Amino acid sequence: MEVLGRFWAQVTAPTPDLRPEVLLGTAAVAAALVLSPALWRSTRHVVTIAHEGAHGLVALAAGRRLSGIRLHSDTSGLTVSAGRPTGLGMVFTCAAGYTAALLAAGHEIGLLWALLALLALLLVQIRNWYGLWSVLVTGAVVFGATWWLPPEGQAAFAALATWFLLLAAPRTVVELQSARRRRRAPDSDADQLAGLTPLPALFWVGVFLLVDVGALLLGGTWLLT
């Protein structure tokens with residue numbers, strides 16, 4: 001009961017206000033994780049987990065049957081679901097990955113626990129060993145931050161995670177279009193959406209980028225005010 005009480009207290013705890021220099025510092029660290037080629041090769045796996053997890057959640061919400069998720073060492077991923085091959089459910093499923101952005105406001109500490117719950121749900125859908133390892137490591141880091149850091153440390157970690165995902169999302173769209181231009185991504189989400197709708201793949205790339213940049217501006221405003 002003591003453990004459950006501690007858990008509930010942490011989940012529902014209001015987020016301590018962070019000093020502006022701390023918020024800007026977490027933004028700078030997140031930018032380094034995204035912009036540094038050496039760091040990006042490792043941290044991009046976190047983006048893939050969020051990307052494929054979004055595909056899976058939307059597929060389930062759209063009434064599709066989730067068959068499994070694979071995460072690969074080259075930071076690519078694959079979410080397989082069964083259901084109608086066309087229709088709005090399939091469109092939303094394909095669009096979910098590049099339009100998923102983490103926007104925190106008010107209870108960022110509770111958000112970290114929600115992220116842990118989502119990682120646990122994702123874990124049971126993983127269908128390869130590398131993906132299992134990636135989710136377990138990510139989950140261990142998030143759990144360590146939520147369980148052992150003081151409230152101020154948890155708030156700073158949540159801000160860092162939020163900045164990272166907000167900054168990383170536009171970069172992944174740019175990489176997507178770069179891969180498409182070199183004909184290395186014939187089955188990308190944008191190309192699948194082009195096959196499902198009358199709109200070309202480049203239009204969907206533009207939508208992804210617009211949504212992600214908008215999420216970055218909105219999320220950054222929420223964090224700094």
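Values below: all heavy atoms of this structure, side chains included; hydrogens, waters and symmetry mates excluded. Values in this document were obtained by computation on a predicted structure and should not be read as measured data.
Leu202 belongs to no multi-residue hydrophobic cluster, having no ILVMFWY side-chain contact under 4.5 Å with any other such residue. Through side-chain heavy atoms spaced under 4.5 Å, either directly or across other Ile, Leu, Val, Met, Phe, Trp or Tyr residues, Leu210 is tied to no other residue.
In this structure Ser188 satisfies the side-chain hydrogen bond (donor to acceptor under 3.5 Å, both in side chains) test together with Asp191, sequence neighbours excluded. Taking Ser42 as the reference, nothing meets the side chain to side chain contact (heavy atoms under 4.5 Å, CB included) condition, with sequence neighbours excluded. For the side-chain hydrogen bond (donor to acceptor under 3.5 Å, both in side chains) test, residues two or more places apart in sequence or in another chain that qualify with Ser178 are Arg182. For Gln177, the side-chain hydrogen bond (donor to acceptor under 3.5 Å, both in side chains) criterion is met by Arg180, not counting sequence neighbours. Considering only residues two or more places apart in sequence or on other chains, Tyr130 meets the ring-ring contact (aromatic ring centres under 6.0 Å, His included) condition with His45. Contacts of Arg41 classified as salt bridge (Lys or Arg N to Asp or Glu O under 4.0 Å), with partners at least two apart in sequence or in another chain: none. Not a single side-chain hydrogen bond (donor to acceptor under 3.5 Å, both in side chains) links Ser67 to another residue, sequence neighbours left out.
Listed by first and then second residue, the salt bridge (charged side-chain N to carboxylate O under 4.0 Å, His left out) pairs that reach into residues 156-179 are Arg44-Glu175, Arg171-Glu175, sequence neighbours excluded. Residue pairs meeting the salt bridge (charged side-chain N to carboxylate O under 4.0 Å, His left out) criterion with at least one partner in residues 115-129, sequence neighbours excluded, do not occur; the list is empty.
Taking CD of Glu152 as the reference point, atom CG of Leu18 lies at 8.0 Å (rounded to 0.5 Å). Here CG of Leu223 is found 7.0 Å from CG of Leu166. Values are rounded to the nearest 0.5 Å. Between atom NE2 of residue His51 and atom CG of residue Leu176 there is a gap of 8.5 Å, rounded to the nearest 0.5 Å. For the atom pair CG (Asn128) and OG (Ser134), the distance works out to 8.0 Å, reported to the nearest 0.5 Å. The CG atom of Asp212 sits 11.0 Å away from the CG atom of Leu217 when rounded to the nearest 0.5 Å. Rounding to the nearest 0.5 angstrom, the gap separating the CG atom in Leu216 from the CG atom in Leu165 is 11.5 Å.
Smallest separation of non-hydrogen atoms from Pro170 and Leu167: CD-O, 3.3 Å. Closest heavy-atom contact between Val47 and Ala168: CG2-CB, 3.6 Å. The heavy-atom pair separating Leu132 from Ile126 by the smallest distance is N-CG2, 3.3 Å. Smallest separation of non-hydrogen atoms from Ala201 and Ala194: N-CB, 3.5 Å.
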For residues 20-33, dump all side-chain donor-acceptor pairs below 3.5 Å to protein atoms at least two apart in sequence or in another chain.
residue: Glu21; atom: OE2; partner: Arg19; partner atom: NE; Å: 3.0
residue: Thr26; atom: OG1; partner: Val22; partner atom: O; Å: 3.4
residue: Thr26; atom: OG1; partner: Leu23; partner atom: O; Å: 2.7
residue: Thr26; atom: OG1; partner: Trp163; partner atom: NE1; Å: 3.4

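Side-chain atoms of Phe164 and Val46, non-hydrogen and from C-beta on, do get closer than 4.5 Å to each other. Between Phe157 and Val141 the shortest side-chain heavy-atom distance falls below 4.5 Å.
Val80 and Leu66 fall into different hydrophobic clusters, where Ile, Leu, Val, Met, Phe, Trp and Tyr residues are linked whenever their side-chain heavy atoms come under 4.5 Å apart, directly or through other members. In the hydrophobic clustering of ILVMFWY residues, with side-chain heavy atoms under 4.5 Å counting as a link, Leu119 and Leu60 come out together. Under a hydrophobic-cluster definition in which Ile, Leu, Val, Met, Phe, Trp and Tyr are linked whenever side-chain heavy atoms come within less than 4.5 Å, directly or via other members, Trp129 and Leu78 are assigned to different clusters. A continuous path of Ile, Leu, Val, Met, Phe, Trp and Tyr side chains, each step under 4.5 Å between heavy atoms, connects Leu196 with Val211, placing both in one hydrophobic cluster.
The residue from Val124, Leu71, Ile69 that alone fulfils the side-chain contact (heavy atoms from CB on, under 4.5 Å) condition with Val135 is Leu71.
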Verdict with reasoning, Leu193 to Leu199, per side chain to side chain contact (heavy atoms under 4.5 Å, CB included): CA-CA 8 Å; Leu193 285 166; Leu199 302 168; over 6 Å; no
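No donor-acceptor pair under 3.5 Å is formed between the side chain of Ser76 and the backbone N or O of His72.
A tilted orientation is assigned to the rings of Trp204 and Phe208, their planes being inclined by 30° to 60°.
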